[in-house]
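Before any comments, here is the structure.
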Amino acid sequence: MYANEQQTDAVTKPNGPAAAAVLAAGIGSFVLGLFVTLNEMSTEIHDFLDFSKNYGIGSGVGPLSGKVILAVGAYLLSWIVLAMLWRGKEVNFRGVFMLALVLLAFGFALTFPPIFLIFAAE
Amino acid sequence: MALTDREFWAVIHGLVLGTVFLLAFPAGLVGLWSLKSRYLTTAGVQERMPRLLIGGWIMAIVAWLTVLTGTWIVYPWYRATPPEGLTDLTSYPRSLLLSSPNTELWHKFGMEWKEHVAWISPMLATAVAFVILYYGVQLVNRPEMRRPLLILFTLAFGAAGIAGLFGAFITKAAPIY
């Protein structure tokens, strides 16, 4: 018996938790790109993002430490919040995926040196 | 035939973890690509799901391990500042690359892109692995998920590929000793 004959009508789990995981990845990528760009725009932000020096998280990593810790923090936090909001719910997955793709596109673009250097402080 | 501590971690970061990542990607990609109910029997779905799940999670875990070792172990050696007046910069790869107009783009473009874009890969790979875990064999009944997962999986590979490619070139231009 083929799977489609037996499983087409099968009830599946709601897609809310899956959508939460996908959108959180988009949010994390966007936040990463955002902090990469903000790091170039301001020396104050550049200094703040040096978590290795300010908070002793790693040694000699520099501002990259803050950028990735904040991005991963945003990723995990948004995943938890969205998973709670969409738990047991069926959401418009196509819409969520498109939003995640837009956020990802910004994330990729803002980590590309010729783009984030446009915003570099003189 | 010996490796220094720095060479050992550079090999773990770039070669060992990178190779496992490269091997896990096609396994996951093929598994997702062929996850169409019309191609599979029920037994076929049940047989391949564990493999897809393991491949997806290996890729996600390895992606995290790669960026963590790269950022917190290898990268500080790369960006270390040489003492004032030092002329032999071979132990200071970033400074060595920036010391010549012929090599400065490896840092200003290659490393600046690599160190950031790599972190997108584990977030995407984890999202894909989670969805595979969440649905299990039911994923075959969610055809609207298959293409998004394929796209995210491929983007995860693309981000890691950019980082890996520049990592190889930069290591060739200015190795970490």
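The shown structure was predicted, so the numbers you read here are calculated from the model rather than taken from an experiment. Letters A, B, ... are given to chains in the order of the sequence lines, protein chains preceding strands, and every chain is numbered from 1.
- In this structure, chain A has a heavy atom under 4.5 Å from the side chain of B:F130, while its backbone stays farther away.
- Annotation: cation-pi geometry satisfied between B:R146 and B:W33 (NZ/CZ under 6.0 angstrom from ring centroid, within 45° of ring axis).
- For B:I151, the part sitting under 4.5 Å from any heavy atom of chain A is the side chain, from C-beta outward, and nothing else.
- Between chain A and the options B:A80, B:P76, B:G136, heavy-atom pairs under 4.5 Å are most frequent for B:P76.
- Of the two parts of A:V36, only the side chain, counted from C-beta on, holds a non-hydrogen atom closer than 4.5 Å to a non-hydrogen atom of chain B.
- No continuous path of hydrophobic side-chain contacts links B:V74 to B:Y92 [ILVMFWY only; heavy atoms under 4.5 Å].
- Only the side chain of A:F97 comes within contact range of chain B, with heavy atoms under 4.5 Å apart.
- Ring centroids of B:H116 and A:F116 are separated by less than 6.0 Å, placing the two rings close together.
- Salt bridge present: B:R142 and A:E90 bring a charged side-chain N and a carboxylate O closer than 4.0 Å.
- The closest side-chain donor-acceptor pair between A:T111 and B:W119, if any, does not fall under 3.5 angstrom.
- For A:S29, the parts lying under 4.5 angstrom from a heavy atom of chain B are both the backbone and the side chain.
- Ring pair B:F157/B:F25 is parallel by interplanar angle, where below 30° counts as parallel and above 60° as perpendicular.
- Proximity to chain B involves both the backbone and the side chain of A:S65, based on heavy atoms less than 4.5 angstrom apart.
- Under the 6.0 Å cut-off for aromatic ring centres, A:F30 and A:F108 do not qualify, their centroids lying 6.0 Å or more apart.
- Between B:Y75 and B:Y78, the ring planes lie parallel to each other; the angle is under 30°, not in the 30° to 60° tilted range.
- Ranked by heavy-atom pairs under 4.5 Å with chain B, the first of A:L23, A:L101, A:I57 is A:I57.
- Highest contact tally toward chain A, considering only B:V117, B:L133, B:L139, is held by B:V117 [criterion: heavy-atom pairs under 4.5 Å].
- Interface remark: of the candidates B:I120, B:L124, B:V128, B:L152, B:I120 forms the most heavy-atom pairs closer than 4.5 Å to chain A.
- For chain A, the nearby parts of B:Y134 are the backbone and the side chain; heavy atoms of each come within less than 4.5 Å.
- Neither the backbone nor the side chain of B:A125 comes within less than 4.5 Å of any heavy atom in chain A.
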